[in-house]
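Here the structure comes first, spelled out in structure tokens, and everything after it is commentary.
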Amino acid sequence: MADTKYIFVTGGVASSLGKGIIAASLGKLLQARGYKVTNQKLDPYINIDPGTLNPYEHGECYVTVDGTETDLDLGHYERFLNVETHRANNITTGRIYQNVINRERRGDFLGKTVQIIPHITNEIKRNILQLGKTGEFDFMITEIGGTVGDIESLPYIESIRQLRWEMGNNTCCIHLTYVPYVAAAGELKTKPTQHSVKELQQEGVQPDVLVLRTERAVSIDIKKKVALFCNVDPNSVIENRDVKTIYEVPIKMMEEGLDTVVLRKFGIPDDRKPDMEAWNNFLYKLKNATKEVKIALVGKYVRLQDAYKSISESLIHASAYNDRKLKLSYILSEDITADNAEEMLSKYDGILIAPGFGERGMEGKVHAAKYARENNKPCLGICFGMQCMAIEIARNLLGYKDANSTEIKPETTHPVIDMMESQKHVLEKGGSMRLGAYACQLKPGSKVADIYKDSIIYERHRHRFEFNSNYEDEFAKVGAVISGINPETNLPEILEIPSHPWYIGVQFHPEYRSTVLNPHPLFDAFIKAAIKE
């Protein structure tokens, strides 16, 4: 196409309705028609990025290949489209204001008064347009975080208004709202949607498409009513009924004609049908698996499952392709002790020790690692999970009872986990860790070399502390091998016990690379080992 088309996804009535899933689903359908698509998330919080946010408050922090800490929706974008995202795909109010203030300090505005309009809105528009101006994409789908009417979202809505005025037919606005079912009345209520659209209209934006999130089927009469009171074509009112898995949403949106409606809005012929065969094959496996594989995820943020969103989705991908129904149990690591580890973990086919910073729950992860090692239970440790596996080996196989991480116990006499040399003089926490994709050289003949079928891999990182390589030889003497290192820095990346059926810890985050159509080989191998167990 001659010009990139810009699609804006807004939400109203309530948060957590699934704007990210709708944006990713539409992107998938357009991609399946042969178009080049990218997704972008605009977050209205003042944090520069979610890297310092508590996972209980915001869910997981996703990391892109270029080392940007982003919103978890970017994980959905990558899993659905199988396309990597970068720094430009996630913008926060904090970054917008930081950029404008830095320019003001440099004198770029030549003494003018710096204001929300036009300076902040111009910066928002610049960040939206810069991806489209590369010429790489036919469609750019930008999701606006929060809900219409929030004070925080006003500059973003105003920026959309301006772009729609400036770009005309090259823009489209999709508004996602909630249509609740009131049991006492026995009917769906459209008034919240009407008020939400009215709020959007008052801010100068008329939606082109309405997506109605609902628990019940939306009748033709309700669609016509919503269309009439919201100034939208009846064919552009889309039902988004609850489904059992987010991976059904693209298929449901295709059946509702969301992609067709959007193409019609842009005046693009509907002459390419989406090729969703591979997606449907995955869905078939996901829905028709009957045998279970039981996995225990041991972590400290288990009360909010979005804190481990990419991990749980990676396990779902791997389980489906192995014709198994995943039964995932979230185990609070604080609850695990030396005395009850067997009772809490013995019924599972595999144990995954999750990432996470800080002392709380660490000892429980160490106990889980010990149980898995001593009982030949398949075990995968990720980032801090891998570090806990190393601490357990040092304590119980090497006899260093006070072995620890200097993050937890700076005065330990056996710092098997220590701060990276490059991090020792870093004072600011935000965006200062080892972030993004780095190379890892695999040891020939190791389990991981067999799993990856390669000698060099590239995985994403998010950490400050690392395995202390001074202990590598001692670990090898008790059968624990460093089987992956960074070729440039010699940083240890992977720990495994060759004599164990399946016991692997990785410093990186493999979950960021697993997608619907390309499950990650490490998770695939872990699930295979759990099935064998």
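This one's a predicted model, so the numbers in the text were calculated from it and none came from an experiment.
- Between the side chain of Ser25 and the backbone N or O of Ile21, at least one donor-acceptor pair lies under 3.5 Å.
- Atom CZ of Arg95 is surrounded by more than 12 heavy atoms from other residues, nucleotides or ligands within 6.0 Å.
- Side-chain N/O atoms of Arg79 and Ser310 include a donor and acceptor closer than 3.5 Å.
- Checked by atom type, the side-chain pair Asp221/Ser219 shows no donor-acceptor distance below 3.5 Å.
- The OG1 atom of Thr515 sits 3.5 Å away from the CG atom of Asn82 when rounded to the nearest 0.5 Å.
- With 3.5 Å as the limit, one finds a donor-acceptor pair spanning the side chains of Tyr156 and Thr93.
- Ion pair Glu459/Arg513 flagged as a salt bridge, since at least one NZ, NE, NH1 or NH2 atom sits closer than 4.0 Å to an Asp/Glu carboxylate oxygen.
- The environment of OH in Tyr458 is sparse: at most 12 heavy-atom neighbours from other residues, nucleotides or ligands sit within 6.0 Å.
- Side-chain atoms of Glu256 come within 3.5 Å of backbone atoms of Glu239 as a donor-acceptor pair (strictly under, hydrogens ignored).
- Taking the charged nitrogens against the carboxylate oxygens, Asp108 and Arg105 have no contact shorter than 4.0 Å, which rules out a salt bridge.
- Classification of Arg462 and Glu60 as a salt-bridged pair fails, no side-chain N sitting under 4.0 Å from a carboxylate O.
- Enclosure of atom CD in Gln130 by more than 12 non-hydrogen atoms of other residues, nucleotides or ligands within 6.0 angstrom is indicated.
- For the pair Asp138 and Arg33, the salt-bridge criterion is not met [side-chain N within less than 4.0 Å of a carboxylate O].
- For the pair Arg460 and Glu78, the salt-bridge criterion is met [side-chain N within less than 4.0 Å of a carboxylate O].
- Atom CD of Gln115 is surrounded by more than 12 heavy atoms from other residues, nucleotides or ligands within 6.0 Å.
- Looking at Gln507 and Glu493, their side chains never bring a donor and an acceptor atom within 3.5 Å of each other.
- Between the OG1 atom of Thr70 and the NE2 atom of His86 there is a distance of 11.5 Å, given to the nearest 0.5 Å.
- Tested against Lys41, the residues Thr142, Thr85, Asp71 include a single side chain to side chain donor-acceptor pair (under 3.5 Å) partner, Asp71.
- The aromatic rings of Tyr308 and Tyr301 are tilted relative to each other, their planes meeting at an angle between 30° and 60°.
- Considering every non-hydrogen atom in both Ser312 and Leu328, the closest pair reads CB-CD2, 3.8 Å.
- The aromatic ring centroids of Tyr35 and Phe137 lie 6.0 Å or more from each other.
- Proximity of a side-chain donor or acceptor of Lys19 to a complementary backbone N or O of Gly146 within less than 3.5 Å is detected.
- Rounded to the nearest 0.5 angstrom, Ile91 CD1 and Leu131 CG are separated by 8.0 Å.
- Residues Thr68 and Asp49 bring no donor and acceptor atom of their side chains to less than 3.5 Å of each other.
- With rounding to the nearest 0.5 Å, the separation of CG in Asp259 from CD in Gln31 is 12.5 Å.
- Remark: side-chain polar atoms of Asn231 are not paired, donor with acceptor, to backbone N or O of Gln206 under 3.5 angstrom.
- Distance alone, capped at 3.5 Å, places no donor-acceptor pair between the Ser514 side chain and the Glu511 backbone.
- Between the Thr92 side chain and the Asn47 main chain, a donor and an acceptor come within less than 3.5 Å of each other.
- Under a 4.0 Å N-O distance rule, the pair Arg241/Glu255 does not qualify as a salt bridge.
- For the residue pair Asn127/Glu123, the side-chain donor-acceptor check at 3.5 Å is satisfied.
- The shortest heavy-atom contact between Phe465 and Thr406 is CE2-OG1, 3.4 Å.
- Taking each heavy atom of Gly59 and Leu304 in turn, the nearest pair found is N-CD2, 3.8 Å.
- If you look at Tyr452 and His520, their ring centroids are closer than 6.0 Å.
- A salt bridge between Glu166 and Lys125 is present, with a side-chain N of the basic residue lying under 4.0 Å from a carboxylate O of the acidic one.
- The NZ atom of Lys28 sits 5.0 Å away from atom CG of Leu517, with the distance rounded to the nearest 0.5 Å.
- A distance below 6.0 Å separates the ring centres of His317 and Tyr247.
- Side-chain N or O atoms of Asn486 include none that pairs as donor or acceptor with a backbone N or O of Cys440 at under 3.5 Å.
- Classified by interplanar angle (parallel below 30°, tilted 30° to 60°, perpendicular above 60°), the ring pair Tyr6/Phe8 is parallel.
- Atom CD1 of Ile46 sits in a sparse spot, with 12 or fewer heavy atoms from other residues, nucleotides or ligands closer than 6.0 Å.
- In this structure, the side chain of Arg161 does not engage the main chain of Gly204 through any donor-acceptor pair within 3.5 Å.
- Within 6.0 Å of CG on Asn169 lie no more than 12 heavy atoms contributed by other residues, nucleotides or ligands.
- Side-chain rings of His119 and Phe109 approach one another, their centers coming within less than 6.0 Å.
- His509 and Tyr512 have parallel rings, their planes meeting at less than 30° on a 0 to 90° scale where 60° marks the start of perpendicular.
- Note that CG of Leu30 and CD1 of Ile7 are 5.5 Å apart. Values are rounded to the nearest 0.5 Å.
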